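Take a look at the structure below.
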Amino acid sequence: MDNNTTRTVALNAVGNTQGDAVIYVMSRDQRVRDNFALLAAQKYALDRKLPLMTLFNVYSSVPNRSAAQYAFMFSGLEEVEQDLAAKQIAFLVKVGDAKNNILQVARTHHAAAVFFDFSPLRGLTALHEKVARSVGIPCFVTDTHNIIPVWVASDHQEWAAHTFRRKVHKLLPQFLAEPAPVTRHPYTLQQQLTNDWTQIRAAATAPALEDYRPIVKTGEKEAGKNLRHFLKTKLGRYAQQRNDPNSDSLSNVSAHIHFGQLSSLRVALDAQKMLAQHKDQGVREGVQSYMEEVTVRKELSDNFCYYNRTYDSFEGIPEWGQKTLTKHRTDHREHLYTLEQLEAAQTADAAWNAAQIQMLRTGKMHGYMRMYWAKKILEWTEDPESAIAYTIYLNDKYFLDGYDPMGYTNILWSIGGLHDRPWRQREVYGTVRYMAMSGLRRKFDLDTYTAAWQNDG
DNA sequence: ATCGGCTCGCGCAA
DNA sequence: TGCGCGAAGCCGAT
């Protein structure tokens, strides 16, 4: 298949193979609706009159994760299991090493082909390559996380949002199209597959969070509810108030999008529909502003991680940022905090502590505060490498949307000036954009925010 | 309250 | 080769 125009590409050069089933290895896109990887696997199976099965692999131990993230994922997967059963598509969850499990399941079921959904993160791309090399049957990967497949949108790492935006706007009309529905699959496996969710939950251990009260509920249906509620009641003020953490103007679907419970194509299609239904100026500006987030800024993060394999380290920073941070490496730091102090929200900065506590309590932090939060960690640690490592540790452990290209891109934007331009030189930051508490006060009522998120509150 | 400068390099026009 | 302009700002001058 042609890499430049298609959503699904071949991972190896193995020709058509005989077999008894087609396997879709679900990973990043944990949904049945609007899932082009599932659709591609189903078409391949229908063409050959074969049963279709979906395999999900759970690693038994992943560093920097919390029980909250696993709970969110497993409940969503139980919903996936039901939705697949309604379509006569088998669903199997395996625990352990992904490569071994995929190879074993492919062998046991005499698979004819394997389909993956796409992620630019190193663990996933490496897994896809390893399986494609050793499984001996055709393997494919489908980008159903991005509206425009990452390899179609651009063939290189983009410099900034403005260089990417032109390409996105040119391609968007052909990709903002309604996906076909998954059909009831006519061919089924000989034996019925079942999953023991108690056993699966017990096998994936991660530390529980104290005092944790998520503000979003998990699952494909809940994601749809959040989205509809946002479009109906918040979109009109989104453009004006999305940077005010007190205003509750956001869609609250980032965790669902991260786990693939909701596709950003669905989000964009539903947001676009609001234009036809509303003449109200606020709604029209809201659509434009929200579409910018969903189609340009979000997809830019996949572009970055896909084309820059050092997306989570100092080396991922553009050259000017590395140079300026190196020049200011030994600058005096007003405060130095350990990772433990940061994790416990024990700094001298009330705004920062509030943001950290918001994250610990809810698995979320307001988008505007995420930038301030990461930039201050640069200011308060011994060097930029430590700042990046600490921020990624906290990001991946506590955010429900952790372990995502969005997080790494935000962190390198904040700490290293990725996708940004240089600003006035100052201590520690060099020419990387600085943010100050006085700026937060200018933009919103900071005292209301800090009062809402207090230690022992 | 508002405004210009800070500071770098991509991408396009010429 | 020149030039406009950019992922969410800050600061000092007016």
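Bear in mind the structure is a predicted one, so any value in this text is a computation, not a measurement. Here is how names work: the chains are called A, B, and so on, in the same order as the sequence lines, proteins then strands, and each is numbered from 1.
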Which nucleotide sits closest to the side chain of [X]: [options]?
X: A/Arg166; options: B/dC10, B/dC12, B/dG9; result: B/dC12
X: A/Gln425; options: C/dG9, C/dA7, B/dT7; result: B/dT7
X: A/Thr163; options: B/dC10, C/dA7, C/dC10; result: B/dC10

For [N], does OP1 or OP2 lie under 4.0 Å from any side-chain N or O of [X]?
X: A/Arg421; N: B/dC10; value: no
X: A/Lys323; N: B/dC8; value: no
X: A/Tyr368; N: C/dG9; value: yes

* Atom NZ of A/Lys273: over 12 foreign heavy atoms under 6.0 Å ->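 Buried by this count: over 12 neighbours within 6.0 Å.
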Give me the distance, rounded to whole Å, that separates C/dA7 from B/dA1 when you measure between the P atoms they each carry.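 Here C/dA7 and B/dA1 have their P atoms 28 Å from each other.
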Rounding to the closest angstrom, what is the interatomic distance between B/dG9 and C/dC10 at atom P?
->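 These two P atoms come out 23 Å apart once rounded.
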**Item:** Runs of at least three consecutive pairs that involve DNA chain B, where pairs are Watson-Crick or G-U with distances under 3.5 Å
**Value:**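 So the stems come out as B:1-6 with C:9-14, B:8-13 with C:1-6.
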Check: Which atom pair, heavy atoms only, marks the closest approach of A/Ser154 to A/Lys167?
Finding: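 In terms of heavy atoms, the two residues are closest at OG-NZ, 3.8 Å.
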### Heavy-atom pair with the smallest gap, counting every atom of A/Arg28 and A/Pro120
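Heavy atoms only, the tightest pair is NH1-CD, 3.6 Å.
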*Does a donor on one side chain sit under 3.5 Å from an acceptor on the other, for A/Tyr24 and A/Asp117?*
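Present: a donor and an acceptor within the cut-off.
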Exercise. When you check the side-chain N and O atoms of A/Tyr408 and A/Asp396, is any donor under 3.5 Å from an acceptor?
Worked result: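 Judged by distance alone, the side chains do pair up.
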_Under 3.5 Å, is there any donor-acceptor pair linking the side chain of A/Arg424 to the base of B/dG5?_
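Indeed there is one.
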What I want to find out is whether A/Lys87 reaches A/Asp83 closely enough, with some N-O distance under 4.0 Å, to be called a salt bridge.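 No salt bridge links A/Lys87 with A/Asp83.
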key: Residues A/Glu292 and A/Arg297 bridged, charged N to O under 4.0 Å   =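 A salt bridge is present here (some side-chain N lies under 4.0 Å from a carboxylate O).
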Without decimals, in angstroms, what is the distance between [X] [atom1] and [N] [atom2]?
X: A/His419; N: B/dG11; atom1: NE2; atom2: P; answer: 11 Å
X: A/Arg442; N: C/dG12; atom1: CZ; atom2: P; answer: 12 Å
X: A/Arg441; N: C/dC10; atom1: CZ; atom2: C1'; answer: 16 Å

Would you mind telling me which residue lines up with the more 5' stretch of DNA chain C, A/Arg426 or A/Pro422, judged by nearest nucleotide?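 The answer here is A/Pro422.
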